[in-house]
Amino acid sequence: MAVEWLKFMNVLAEIKQRFAGVLGSYAESNNVESLLAMIKPAQDSRFGDYQANCAMSLGKRLSRAPRDIAAEIVEKVQLDDLCDNVEIAGPGFINLTIRDDYLAQQVVQALADDRLGVPAVTTERTYVIDYSSPNVAKPMHVGHIRSTVIGDSLARTLKFLGHQVIRDNHLGDWGTQFGMIIYGYKHFVDLDAYAVNPVAELSRLYRLVNQLVDYYKSKLQLDLLLEQIKIRQEKIEELSALDLTGDESQDKKLKKSRQRAATQLDQAKSNYEAVDQKLSAIDNDATLSQLVLAHPDIAKSVLLETAALHAGDEENVKLWKDFLPKCRADIQKIYGRLDIEFDVEYGESFYHEMLSGVVQKLRDQDLATDSKGAVCVFLEDFDTPMIVQKSDGAFLYSTTDLATIQYRVAQWQPDEILYVVDHRQSEHFQKLFAVAQSWIADSVQLRHISFGTVLDEHGRPYKTRSGSAVGLEGLLDEAVAKALEIVSADSGDGNSEYALTTQQCAEVANAVGHGAIKYADLAHNRTSDYVFSYDKMMALEGNTATYMQYCYARVQSIFRKGEVDLEQIRVTADSVNLDHSAERLLALTLARYAEALDEVLEDYRPNQLTSYLFDLAKRFSSFFEQCPVLQAEDDAIKLSRLRLCDLTARTIAHGLDLLGIGVVQQM
RNA sequence: GCGCCCAUAGCUCAGCUGGAUAGAGCAACGGACUUCUAAUCCGUAGGUCGCAGGUUCGAAUCCUGCUGGGCGUACCA
């Protein structure tokens with residue numbers, strides 16, 4: 001059955017299937033796949049709907065004229081019922097135009113299908129997705145959004161396509177930050193504040209201790225920076241003492257070096273100033289400077305508190321057990337707002353007791369060896385080893401990650417584990433995967449779904465320290481507030497027909513505000529860095545979630561006005577009319593939803609779905625302008641257009657849902 | 001030093017294992033609301049795809065070198 005659906009529901013897959021047999025006669029079996037990959041949507045509508053580019057490639061391989069081969073292929077492939085125009089163009093492109101009645105049939109079938117014509121996969125796989133994974137005691141900030149939102153969307157998409165998915169939030173619930181909080185609690189806690197709002201107080205303690213630790217770190221850094229400035233200044237002097245030789249390439253190099261040295265000096269200076277400012281800010285604060293003086297060994301003490309916790313110190317463990325649920329509940333609040341869910345949340349602490357076993361096992365298998373007091377796994381292709389136990393006996397995140405893989409494999413036997421983590425950790429994962437493969441020697445595929453850095457308006461990475469990083473919660477609040485402003489303004493401009501109640505305004509603002517933030521993230525190719533800009537994201541026009549939500553609301557408005565019985569038009573659908581070019585284009589796009597989802601999973605890129613949805617919404621808007629629905633020239637066309645509206649709205653809502661974004665009935 | 005990634009329109013970004021005249025969205029300019037929601041639509045303008053070579057019928061895409069930027073680089077996560 002699933003195969004039947006596949007044949008009917010995915011136009012591209014259907015075309016490929018038609019070509020497969022014929023192409024097979026030209027190529028080795030292992031090449032058929034690559035030839036089929038050359039069949040794709042046409043880049044330009046003048047070339048039809050789909051194009052097959054395999055004849056050129058075959059021409060070279062077989063030393064024959066590509067156009068002849070193309071003609072031969074076209075002759076043999078059975079396309080009559082699918083295409084009404086098959087052309088050979090240019091050097092040997094095969095351009096295909098899909099028949100209107102075939103497109104209409106796609107729409108009709110999707111209308112009556114809860115899955116909107118998207119087939120479930122025939123071979124179901126099991127995925128573990130590791131995403132979000134914040135440190136529980138630190139306030140979440142913008143940097144956390146990508147992993148959370150991308151991971152969530154991939155999980156939704158995989159699930160919808162019929163895979164088994166285990167969503168695992170690998171919380172940082174066992175690290176140094178708890179040492180900080182414990183130290184802070186022991187020395188600075190305001191018990192009244194803690195009673196009223198424990199998480200806010202813990203967060204204050206974290207920031208405070210972090211600030212004090214940072215002060216001493218910066219102090220050390222300051223000397224180093226001074227030294228650096230001196231060295232760089234000397235280098236500049238050295239370089240300027242050199243005379244130009246007259247040799248063109250050498251002189252060019254010298255000039256480059258001078259320039260480079262100058263910018264490096266500038267950098268060092270501005271670094272120095274930044275650190276210096278940070279320090280004097282504390283020095284000038286009476287309370288803070290006193291605290292700094294009173295806790296000179298704070299960095300070391302924090303480490304000791306952490307170590308004590310890990311060693312099972314009664315008091316620290318008790319505090320940790322007290323703090324943890326409160327912190328988790330706080331994070332949960334944000335997940336609730338963002339509609340993010342997990343199947344399990346096994347944080348780092350969950351694996352704590354397995355770590356010594358991991359190291360022992362690595363030793364037993366001669367994978368790990370002692371080096372400079374630490375336990376290391378040396379790997380080919382890497383200059384540095386993966387350290388699994390420090391010289392002081394403490395374990396590291398690599399150890400935890402290995403334990404985690406071991407556990408996941410034993411527990412769920414996944415086919416694939418996806419780590420949605422930023423690209424800076426790619427070397428870590430390369431090592432981790434290399435060790436895990438030789439260690440567990442399992443067939444599980446391990447994959448780092450890396451993503452780029454979120455940059456600020458100046459193109460610099462968002463900073464996590466110094467408290468100046470934008471908290472995620474505040475960010476969401478601002479987005480919703482901004483959306484509310486726009487909704488309320490629109491609603492209050494006298495057009496009573498579309499005026500929304502306060503309650504409705506709030507709902508719309510929620511969907512629009514949160515949607516804007518998620519969409520801005522998902523719409524970028526995950527591998528590139530992107531600039532995070534409130535203004536752009538909350539412009540709520542152009543390529544934003546709002547555009548899609550607006551399309552959806554417009555359709556609902558038509559249904560309300562026309563008092564349309566949706567169930568009726570879905571079930572009774574026998575055909576749709578595609579005579580108008582806007583209708584046809586819309587239907588073609590609707591029929592491609594399954595293709596878009598395939599593209600998402602091809603390389604785990606949700607931006608394939610956002611661009612599909614934007615495309616769909618644009619085509620709907622164009623249709624909406626050109627094709628009256630309720631006022632259509634006759635009832636048959638009206639019904640046909642209502643069906644196109646219905647499928648569009650459902651596809652948009654469904655696609656947005658896979659992105660974790662909601663819709664509203666009216667806006 | 002070594003490794004990984006990036007450079008596309010004024011700005012922010014797409015561009016799917018090489019395919020036809022490189023695309024969007026903002027911003028700019030010109031049009032369209034007594035007609036299903038103008039959070040919209042239609043149009044105009046805007047690019048030597050960082051530079052130089054190479055591979056081939058064909059390169060933003062693959063290879064080499066260069067320039068400029070980001071990140072990582074033995075006991076943080």
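FYI, side chains are in, hydrogens and waters are out, and symmetry mates aren't considered; it's all heavy atoms of this structure. Below, chains carry the letters A, B, ... as their sequence lines are ordered, and counting in each starts from 1. In this text the structure is predicted, and so the values were computed from the model without any measurement.
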Pick base, sugar-phosphate or nothing for A:A553, based on heavy-atom distances below 4.0 Å to the nucleic acid.
base

Minimum-distance nucleotide (side-chain atoms of A:Q43 versus B:rC13, B:rC16, B:rA77)
B:rC16

Of the nucleotides B:rA39, B:rC71, B:rC13, which one has an atom closest to the side chain of A:T546?
B:rA39

Using a cut-off of 4.0 Å on non-hydrogen atoms, how would the nucleic acid contact of A:N607 be classed: base, sugar-phosphate, or nothing?
sugar-phosphate

Does NZ in A:K482 sit with more than 12 non-hydrogen atoms of other residues, nucleotides or ligands closer than 6.0 Å?
no

Base, sugar-phosphate, or nothing for A:I387, non-hydrogen atoms under 4.0 angstrom?
base

Please convert RNA chain B into dot-bracket. A pair counts if it is Watson-Crick or G-U wobble with both distances under 3.5 Å; crossing pairs go in [ ] and bases paired with another strand get |.
(((((((..((((.....[...)))).(((((.......))))).....(((((..]....))))))))))))....

Spacing of CD belonging to A:E348 relative to CZ belonging to A:F395, to within rounding of 0.5 Å:
14.0 Å

Can you pull out the residues from residues 57-64 of chain A that lie within a 4.0 Å heavy-atom distance of RNA chain B?
A:S57, A:K60

Students often get this wrong, so: under 4.0 angstrom with heavy atoms, is A:Y547 touching a base, only sugar-phosphate, or nothing?
sugar-phosphate

Contact class for A:F620 (heavy atom, under 4.0 Å): base, sugar-phosphate, or nothing?
nothing

Contact class for A:C376 vs. all strands (heavy atom < 4.0 Å): base, sugar-phosphate, or nothing?
base

Which part of the nucleic acid, if any, lies within contact of A:E541, taking any heavy atom under 4.0 Å across all strands shown: a base, the sugar-phosphate backbone alone, or nothing?
sugar-phosphate

Filter on ring-ring contact (aromatic ring centres under 6.0 Å, His included), then keep only pairs touching residues 542-566 of chain A, sequence neighbours left out; what's left?
A:Y547-A:F614

Mind checking A:C627 for me? I need base, sugar-phosphate or nothing, with any heavy atom below 4.0 Å counting as a touch.
base

Any side-chain N or O of A:R424 less than 4.0 Å from the OP1 or OP2 oxygen of B:rC4?
no

Please confirm whether the ring centroid of A:H170 lies under 6.0 Å from the ring centroid of A:Y351.
yes

As a test of reading the structure: which of B:rC13, B:rA39, B:rG25 is closest to the side chain of A:S528, going by heavy atoms?
B:rC13

Residues two or more places apart in sequence or in another chain: which of them pass side chain to side chain contact (heavy atoms under 4.5 Å, CB included) with A:H144?
A:P134, A:M140, A:H141

Considering only B:rC76, B:rG15, B:rA74, which nucleotide approaches the side chain of A:N525 most closely?
B:rG15

Answer yes or no: are there more than 12 heavy-atom neighbours, outside A:D634 itself, under 6.0 Å from its atom CG?
yes

Side chain of A:T384 only, heavy atoms from C-beta on: which candidate in B:rU40, B:rU73, B:rG70 is closest?
B:rU73

With a 4.0 Å cutoff (strictly under), does any side-chain N or O of A:Y397 reach OP1 or OP2 of B:rA77?
no

Please indicate yes or no: is the ring centre of A:F93 less than 5.5 Å from the centre of the six-membered base ring of B:rA20, with the two planes inclined by under 30 degrees?
yes

Among B:rG72, B:rC13, B:rC42, which nucleotide sits nearest the side chain of A:S622?
B:rC42

Closest of B:rG19, B:rG15, B:rC36 to the A:V629 side chain is B:rC36

Just to be sure I understand the rule, does A:Q430 reach a base, reach only the sugar-phosphate, or reach nothing, if contact means heavy atoms closer than 4.0 Å?
nothing

Considering only heavy atoms and no angle criterion, is a donor-acceptor pair shorter than 3.5 Å present between the side chain of A:S371 and the base of B:rA74?
yes

According to salt bridge (charged side-chain N to carboxylate O under 4.0 Å, His left out), does anything in residues 609-627 of chain A pair up with another residue at least two apart or in another chain? List the pairs.
A:D615-A:R619

Is the shortest heavy-atom distance from the side chain of A:E427 to the side chain of A:F382 under 4.5 Å?
yes

A:R526 to A:Y604, cation-pi by 6.0 Å centre distance and 45° axis angle:
no

Looking for any heavy atom pair under 4.0 Å, which part of the strands does A:N95 touch: base, sugar-phosphate only, or nothing?
base

Contacts to RNA chain B from residues 45-52 of chain A, heavy-atom cutoff under 4.0 Å, which residues?
A:R46, A:F47, A:Q51

Select base, sugar-phosphate, or nothing to describe what A:D529 touches, counting heavy atoms under 4.0 Å on all strands.
sugar-phosphate

Touch class at under 4.0 angstrom, heavy-atom based, for A:M56 against every strand present
base

Using a cut-off of strictly less than 4.0 Å, decide whether A:R605 has a side-chain nitrogen or oxygen near OP1 or OP2 of B:rG15.
yes

Among B:rA74, B:rC76, B:rC71, which nucleotide has an atom closest to any side-chain atom of A:H423?
B:rC71

Using a cut-off of 4.0 Å on non-hydrogen atoms, how would the nucleic acid contact of A:S557 be classed: base, sugar-phosphate, or nothing?
base

Base, sugar-phosphate or nothing for A:A539? Non-hydrogen atoms, less than 4.0 Å.
nothing

For the residue pair A:H428 and A:Y397, is the inter-centroid distance of their aromatic rings smaller than 6.0 Å?
yes

Against the side chain of A:E625, the closest entry in B:rA38, B:rC13, B:rC41 is B:rC41

Of B:rA24, B:rU12, B:rA38, the nucleotide closest to the side chain of A:H524 is B:rU12

